[in-house]
Amino acid sequence: QVQLVESGGGSVQAGESLRLSCAASGYIASRRYMGWFRQAPGKEREAVAGIPIFGGSVYYAESVKGRFTIFTDNAKNTDYLQMNSLEPEDTAMYFCAARPGTPAQPIRAYDFQYWGQGTQVTVSS
């Protein structure tokens, strides 16, 4: 089992930045690939970004390319999502997720076994 705890969400104005964190604990060997997903009210959960924690190809959804950056600090078992130039369309609950190996791309929520509880991001215009 892997436990994931997100933090860093909040309410910001369009154009501002936020950094989300995802702290992992438990059976870390199951945390080989990390993903960030988001879900807005009435919409399906969608992939935002994904990263293999020991190096490899990083995935970004088209809607966030050039604005968001995913990275890891393996010494802290923590992953981050740096979100710049936020837009009202980025408003959603953001979740981090983990799985033992690298999934096919584009990454999908159903490929991930472990999930955090989510952190809310609200962007106003």
Side-chain angles (χ1 to χ4, degrees):
Q1 285 279 46
V2 177
Q3 291 77 45
L4 304 172
V5 179
E6 303 98 332
S7 61
S11 296
V12 297
Q13 298 286 321
E16 295 183 340
S17 299
L18 281 174
R19 177 178 291 184
L20 306 183
S21 300
C22 175
S25 61
Y27 189 55
I28 301 300
S30 292
R31 173 186 162 264
R32 299 294 187 185
Y33 191 95
M34 297 298 300
W36 283 95
F37 293 79
R38 66 187 181 187
Q39 188 166 18
K43 295 188 176 181
E44 293 187 358
R45 190 167 298 190
E46 63 174 356
V48 176
I51 186 169
I53 68 166
F54 293 121
S57 178
V58 177
Y59 170 84
Y60 291 102
E62 286 296 324
S63 59
V64 306
K65 279 183 180 178
R67 300 188 299 123
F68 290 12
T69 302
I70 185 172
F71 59 100
T72 68
D73 184 338
N74 290 337
K76 297 181 179 180
N77 291 327
T78 299
D79 306 281
Y80 303 90
L81 184 68
Q82 177 66 41
M83 306 187 294
N84 299 330
S85 302
L86 282 161
E87 303 168 353
E89 294 74 21
D90 296 317
T91 295
M93 183 72 78
Y94 282 70
F95 300 88
C96 69
R99 55 168 286 125
T102 300
Q105 295 190 4
I107 62 175
R108 306 288 187 186
Y110 57 70
D111 282 331
F112 288 75
Q113 289 78 33
Y114 305 103
W115 291 86
Q117 81 289 350
T119 186
Q120 178 68 37
V121 172
T122 302
V123 184
S124 56
S125 56

By side chain to side chain donor-acceptor pair (under 3.5 Å), which residues pair with Lys65, not counting sequence neighbours?
Glu62

To the nearest 0.5 Å, what is the distance between [atom1] on [X] and [atom2] on [Y]?
| X | Y | atom1 | atom2 | answer |
| --- | --- | --- | --- | --- |
| Gln105 | Ser57 | CD | OG | 4.5 Å |
| Trp36 | Glu46 | CH2 | CD | 14.5 Å |
| Ile107 | Met34 | CD1 | CE | 10.5 Å |
| Ile53 | Arg32 | CD1 | CZ | 6.0 Å |
| Leu81 | Thr69 | CG | OG1 | 8.0 Å |
| Arg31 | Gln3 | CZ | CD | 12.5 Å |

Beyond-backbone contact of [X] with [Y], side-chain heavy atoms, under 4.5 angstrom:
| X | Y | result |
| --- | --- | --- |
| Val12 | Thr122 | no |
| Val64 | Met83 | no |
| Leu86 | Gln13 | no |
| Pro100 | Gln113 | yes |
| Leu20 | Val121 | yes |

So which heavy atom on [X] is nearest to which on [Y], and how close?
| X | Y | value |
| --- | --- | --- |
| Ala92 | Gln120 | O-NE2, 3.4 Å |
| Val2 | Ala24 | CG1-CB, 4.4 Å |
| Phe112 | Pro103 | CZ-CG, 4.2 Å |
| Arg67 | Ser85 | NH1-O, 3.0 Å |

Closer than 3.5 angstrom, by distance alone: can the side chain of [X] be matched with the main-chain N or O of [Y] as a donor-acceptor pair?
| X | Y | result |
| --- | --- | --- |
| Arg99 | Gly101 | yes |
| Thr78 | Lys76 | yes |
| Thr91 | Val123 | yes |
| Arg108 | Ala104 | no |
| Glu87 | Ala14 | no |

Assigning hydrophobic clusters by single linkage (Ile, Leu, Val, Met, Phe, Trp, Tyr; side-chain heavy-atom cutoff under 4.5 Å), is [X] placed with [Y]?
| X | Y | answer |
| --- | --- | --- |
| Phe37 | Leu18 | no |
| Tyr114 | Phe54 | yes |
| Leu4 | Met93 | no |
| Tyr59 | Ile70 | no |

Verify side chain to side chain donor-acceptor pair (under 3.5 Å) between Arg19 and Tyr80, making sure each step is shown before the conclusion.
CA-CA 7 Å; Arg19 177 178 291 184; Tyr80 303 90; over 6 Å; no

Hey, does the Lys NZ or Arg CZ of Arg45 hover above the aromatic six-ring of Phe95, less than 6.0 Å from the centre and inside 45° of the axis?
yes

Between Ser17 and Asn84: side-chain donor-acceptor atoms closer than 3.5 Å
yes

For Phe71, look at atom CZ and say whether over 12 heavy atoms of other residues, nucleotides or ligands are found less than 6.0 Å away.
yes

Residue set satisfying ring pair (Phe, Tyr, Trp, His ring centres under 6.0 Å) with Phe68, at least two apart, ordered chain then number -> none

Scan residues 77-125 for pairs that pass disulfide bond (SG atoms under 2.5 Å apart), counting only residues two or more places apart or in two chains.
Cys22-Cys96

